[in-house]
Amino acid sequence: MTIDKSFRIAQVDNRIYGSFIEHLGRAVYGGIYEPGHASADQSGFRNDVKELIQELQVPIIRYPGGNFVSGYNWEDGVGPVAERPKRLELAWRTLENNEVGTNEFITWAKEIGSEVMMAVNLGTRGIDAARNLLEYTNHPGGTYWSDLRRSHGYEQPHQVKTWCLGNEMDGPWQIGHKTAEEYGRLALETAKAMRLVDPEIELVACGSSSANMPTFPEWEAVTLDHTYEAVDYISLHQYYGNRANDTANYLALTLDLDHFIHTVKSTCDYIKAKKRSKKTMHLSFDEWNVWYHSNDADKQIEPWSVAPPQLEDVYNFEDALLVGSMLITFLRHADRVKMACLAQLVNVIAPIMTENGGRAWKQTIYYPYLHASRYGRGVSLQPIVDSPVYDSKDFTDVPYLDSAVVYNEAEEEITIFAVNRHLEQSLELTCDVRSFEGFKLVEFIVMEHEDLKAVNTADEEKVKPHHRGQAKLDSGMLTASLAKASWNVIRLK
Ligand code: AHR
């Protein structure tokens with residue numbers, strides 16, 4: 001590997017370390033919020049969970065969905081809690097009691113140092129509900145909706161900057177699913193009205209629910225044909241799983257992710273050319289993760305219960321490697337991917353798990369996310385890499401070494417993130433860092449485990465980082481031994 005100060009991809013937008021809380025399963029109720037819990041604050045939010053989130057330094061959190069938002073009446077979640085209606089929640093077929101809503105969530109997010117990426121309902125609702133919600137959250141006062149907020153005890157506007165125009169509107173499962181034409185028109189008109197309410201906001205149009213959708217990438221082309229000048233980002237969503245228990249192929253899935261990002265970029269640039277536009281569309285990868293472990297369990301859940309344990313994937317060590325590789329992929333696309341949300345944050349396909357009334361703990365995937373969020377801030381540099389490769393079931397020429405490099409100019413610090421995809425052998429990394437004169441090795445963080453299927457529980461944290469890796473820096477040449485199947489973070493200063 002060779003890295004050089006001048007091989008700049010782009011400044012990393014810290015919002016690529018965002019996450020997501022949906023009204024789904026135990027994400028809100030029993031996750032971030034549990035009034036009876038020993039660690040609950042005065043508003044009922046769990047302090048033990050807050051601490052684990054704060055460690056991650058999550059810059060932005062998407063809310064309130066997800067599929068949930070496409071049937072949500074935001075008015076149900078504001079005002080006196082005792083007067084809020086209980087509703088059938090159709091996306092996940094549960095009961096929503098609306099104890100937590102817009103004001104509580106935004107207040108909680110501010111407290112933990114996160115911005116909110118708010119989604120509006122373009123499934124069962126449309127322009128009117130969206131512009132009213134925006135007036136409620138962002139307008140200072142003197143109008144019906146802003147004064148209603150003030151009467152609810154929130155004198156100051158929340159100033160929510162980032163808004164998603166619906167969620168996965170291409171998906172037939174979505175309440176109010178639309179064709180690209182229908183969605184493109186509605187998204188444009190909603191964007192226009194919302195910008196009239198508050199010209200400072202940023203808007204995200206729905207891209208495809210995954211690269212596997214039959215309408216991908218035509219969906220993006222049609223949607224952007226309508227909305228190109230009215231929105232700032234197009235969304236991407238992707239979940240992976242190792243259903244065939246083929247780890248070599250599973251760890252190669254970031255080649256698919258890379259291809260997905262390239263295709264969306266190209267589609268955006270095609271519309272840019274078609275419209276003779278000067279504007280470059282950015283990407284918001286606002287749902288990504290591993291999601292498959294809980295699929296069968298979810299089929300057993302009784303409908304219409306309150307906060308059942310839905311989508312509670314228990315992540316193993318190989319999942320942490322893939323999550324690390326996905327973060328590496330976003331860093332290498334720092335020029336276009338400006339936001340990304342690990343879906344989700346607590347209990348629901350999440351790095352943080354809780355027991356109702358009990359403990360909170362870190363899943364395996366918590367760690368690569370933590371390391372990237374902490375040390376992946378700065379300029380993403382393009383490493384020049386010469387790695388041996390392998391073929392897997394679906395991919396050819398998969399580099400064993402997957403890597404990204406971030407140069408934090410303010411702190412004069414470089415971090416190399418690297419996954420060794422080789423399942424049997426270590427990789428001996430040699431890295432030319434001569435352009436960083438005087439830098440010293442400060443830390444080498446390693447995650448490895450003999451058992452690719454090892455998991456963490458409330459009782460035992462089997463998978464966690466250590467500092468026993470072998471690395472040295474001599475006359476501008478860094479050498480490190482990257483253990484077989486490992487996540488590595490090498491920090492120089
Ligand atoms: O994150 C879980 C679900 O995945 C979201 O509600 C939906 O947008 C996606 O299909």
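Just so it is clear, the model here is predicted, and its values are computed rather than measured. When a ligand or atom number is given, it counts from 1 through the structure's own listing order.
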Problem set entry | Exam field: side chain Gln238 to backbone Ala211, donor-acceptor pair closer than 3.5 Å | yes
Problem set entry | Gap between atom NZ of Lys272 and atom CG of Asp269 - 0.5 Å precision |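 Taking CG in Asp269 and NZ in Lys272, the distance rounds to 6.0 Å.
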For this session: Please list, by chain and number, the protein residues whose heavy atoms come under 4.0 Å of ligand 1.
Result: Phe20, Glu22, Gly66, Asn67, Trp92, Asn167, Glu168, Tyr239, Glu287, Trp291, Leu311, Gln344, Ile349
Exercise. Can we say Lys362 and Glu461 salt-bridge, meaning some charged N sits less than 4.0 Å from an Asp/Glu carboxylate O?
Worked result: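 No.
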Problem set entry | Side-chain H-bond candidate by donor/acceptor type, His282 with Asp13, under 3.5 Å |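 Per modelled atom types, His282 and Asp13 side chains form no pair under 3.5 Å.
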Exercise. Of all residues at least two apart in sequence or in a different chain, which pass the side chain to side chain donor-acceptor pair (under 3.5 Å) check with Tyr233?
Worked result: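 Tyr233 satisfies side chain to side chain donor-acceptor pair (under 3.5 Å) with Arg15, Glu202 only.
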Exercise. Does the ring center of Phe260 lie less than 6.0 Å from the ring center of Phe216?
Worked result: yes
